[in-house]
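What follows is one structure encoded as structure tokens, with my remarks underneath.
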Number of protein chains: 2
Amino acid sequence: MTAGGRPAEPEVIWSRPQRAGRGPRPAHSRESIAAEAVRIADAEGIEAVSMRRVAAGIGAGTMSLYNYVPRKEELYELMVDAVSGEYEFTAPTGDWRADLLALARQTRALMHRHPWLPRLLSPVYGFSPNALRYLEHSLECLAPLDVPDAEKLELVAAVNGTVATYVAGELALAERARALPWSEDEEQGVRTAWLGSRLASGEYPRLAAAVSGTGPVPGAGLDMAAVFDRSVSRLLGAWGT
Amino acid sequence: MTAGGRPAEPEVIWSRPQRAGRGPRPAHSRESIAAEAVRIADAEGIEAVSMRRVAAGIGAGTMSLYNYVPRKEELYELMVDAVSGEYEFTAPTGDWRADLLALARQTRALMHRHPWLPRLLSPVYGFSPNALRYLEHSLECLAPLDVPDAEKLELVAAVNGTVATYVAGELALAERARALPWSEDEEQGVRTAWLGSRLASGEYPRLAAAVSGTGPVPGAGLDMAAVFDRSVSRLLGAWGT
DNA sequence: TCTTAGTTACGTACGCCGTACGTAATGGGG
DNA sequence: CCCCATTACGTACGGCGTACGTAACTAAGA
């Protein structure tokens, strides 16, 4: 242990007790810290989340935060778990495909509310309390499906992968524009112009054909929710009967 | 334009000429810059890639790099495009599912060679030259498939999403351990212990059942390449006839 | 009850980071 | 041939994550 009680050994933040027996009672909690970080990320983007900002936001000194969160990466884990608690699980209907589609829609809505979520999901890869609740509920929904349990987890992973990539694509343009000094329209403009000039070169005839008719970028006149439903449903159709 | 000739307007880096007509001939190239950044990221992780490191690596002053790369984000675009050039496209066989599976395997191998790639893919969302080559080749492979072109692009996106998420999961443990002062085994140990203790609580009966038998973390005794092939094949099976 | 050891709080400091800006050198287009 | 766009790059600013040291606090053990 270092002087400040911060361990230099591997650990999972969830297995640490919030309150140790000995010293003064902690003035803050993981929940309030996570909530503040989520608030900042929602309002100003994930790059605005710093240990200093979060500490200041809850009215603590910068280094006090390290009593609750050993590293910034753990702060990310807290954030992901916090928003994962926004799922509303309803009882399985017996139609596992409908249930999983409903879950996927919730995930998409969650990511639209918290656009930084897709970028944090892959580095984290943890089994946080709310992630476990999510997995357990998914398996409940999959009870009618007659495949080995291990494959059910594969199915859940596949759906989540598709959802994450799909929504990341949806959000990419807006997120990039928000982090740069120009607008989403300008960003889309220069990218469309560039793509148009390349396609006009004739080097990519099939791509040019595929892009003509629809816009080159997601969201250009398409009903994204419908496309989303179709993509997820198609994936779900590959399992089972 | 600022004094240094660095534009503050939206632009796509690929539409900038490498050499302007006027001044001294540039001492470096986008290719060598991208190669150096890739070298650093491969050896020490993406977090070791900084403008200073890359500039020093090619023997340039830090701020000289900004004559070639207007922002760090554009450096990431160069990196993604550079490794995208490692694809080896072979003529379509007529069996589009086999062709796309082969492409997906190449993507997986690419991501294993460059473990930072999955994390850079979503923020970038660009149509770099090599990305266009990739898309064009994918559409060539999909010529035998009788669905609208727009859906073919959806299929390619779905496959890439699945691949990216799958490989990101494969790599997460090792990548996280590399960025922290302890080993991958220690990392896996504490996470497995935590998961075990939660599952033993009885709150997640279905998850506990699914996890018993196989290891809780990917790669615990499984043939990951086979699981990968199965996942991608299943997805491909959802399209077409 | 009193000590004491573990814990919380937090100020200071170090070595990084991205990049704005100013200046000197360079060499092709008019 | 000369002008000026362009390259090269040093300096500097404000921010970052976090190591470390110290003071205040409180529950557990004597």
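Below, read A as the first sequence line, B as the second, and so on, with proteins coming before strands; counting in each chain starts at 1. Just so you know, these numbers come straight off a predicted model, no measurement behind them.
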Among the candidates D:dG17, C:dT19, C:dA5, find the nucleotide nearest to the side-chain atoms of A:Lys72. D:dG17
Within this structure, what is the CG-to-C1' distance between B:Leu65 and D:dA8, rounded to whole angstrom? 12 Å
Expressed in angstrom and rounded to an integer, what is the separation of A:Arg71 atom CZ from D:dC16 atom C1'? 17 Å
What's the OH-P distance between B:Tyr66 and D:dG10, to the nearest Å? 15 Å
Quick check on C:dT8: is either OP1 or OP2 less than 4.0 Å from any side-chain nitrogen or oxygen of A:Tyr68? no
Rounded distance (Å) that lies between atom P of C:dT7 and atom CZ of A:Arg16: 10 Å
Mind checking side chain to side chain donor-acceptor pair (under 3.5 Å) for A:Tyr134 and listing every partner two or more places apart, or none if nothing turns up? A:Asn160
To the nearest angstrom, the CG-C1' distance between A:Asn67 and D:dT22 comes to 14 Å
Can you name the residues that form a ring-ring contact (aromatic ring centres under 6.0 Å, His included) with A:Tyr204, not counting sequence neighbours? none
Can you sort out the partners of B:Ala177 under side-chain contact (heavy atoms from CB on, under 4.5 Å), two or more places apart, ordered by chain and number? B:Glu184, B:Glu187
A:Arg19 atom CZ is separated from D:dA27 atom P, nearest whole Å, by 6 Å
Among all residues two or more places apart in sequence or in another chain, which pass the side-chain contact (heavy atoms from CB on, under 4.5 Å) test with A:Thr62? A:Arg52
Would you indicate whether the side-chain heavy atoms of B:Val163 and B:Arg105 approach each other to under 4.5 Å? no
Got a sec? Which of residues 24-31 of chain B come in under 4.0 Å of DNA chain D, heavy atoms? B:Pro24, B:Pro26, B:Ala27
Using C1' atoms of five pairs at each end, report the bend of the helix from C:dT1-D:dA30 to C:dG30-D:dC1 rounded to 10 degrees. 10°
Which residues pass the side chain to side chain donor-acceptor pair (under 3.5 Å) test with A:Ser64, not counting sequence neighbours? none
Would you indicate, yes or no, if C:dC10 has its OP1 or OP2 atom less than 4.0 angstrom from a side-chain nitrogen or oxygen of A:Ser64? yes
Considering every strand and a 4.0 Å limit on heavy-atom distances, what is the contact class for A:Gly23: base, sugar-phosphate, or nothing? base
Name all residues meeting the side-chain contact (heavy atoms from CB on, under 4.5 Å) criterion together with A:Ala37; count only those two or more places apart in sequence or in a different chain, and write none if there are none. A:Val49, A:Val54, A:Leu75, A:Met79
Neighbour count above 12 (heavy atom, 6.0 Å) for B:Arg19 CZ: yes
Which pairs pass salt bridge (Lys or Arg N to Asp or Glu O under 4.0 Å) with one or both residues in residues 37-51 of chain B, sequence neighbours excluded? B:Glu36-B:Arg39, B:Glu44-B:Arg53, B:Glu47-B:Arg178
Atom CE of A:Met63 to atom P of D:dA23: distance rounded to whole Å? 18 Å
Identify, with sequence neighbours excluded, every residue that meets side chain to side chain donor-acceptor pair (under 3.5 Å) alongside A:Ser128. A:Asp81
So which of residues 33-60 of chain A are in contact with DNA chain C, with a heavy-atom cut-off of under 4.0 Å? A:Arg52, A:Ala60
With B:Arg30 via side chain to side chain donor-acceptor pair (under 3.5 Å) - residues at least two apart: none
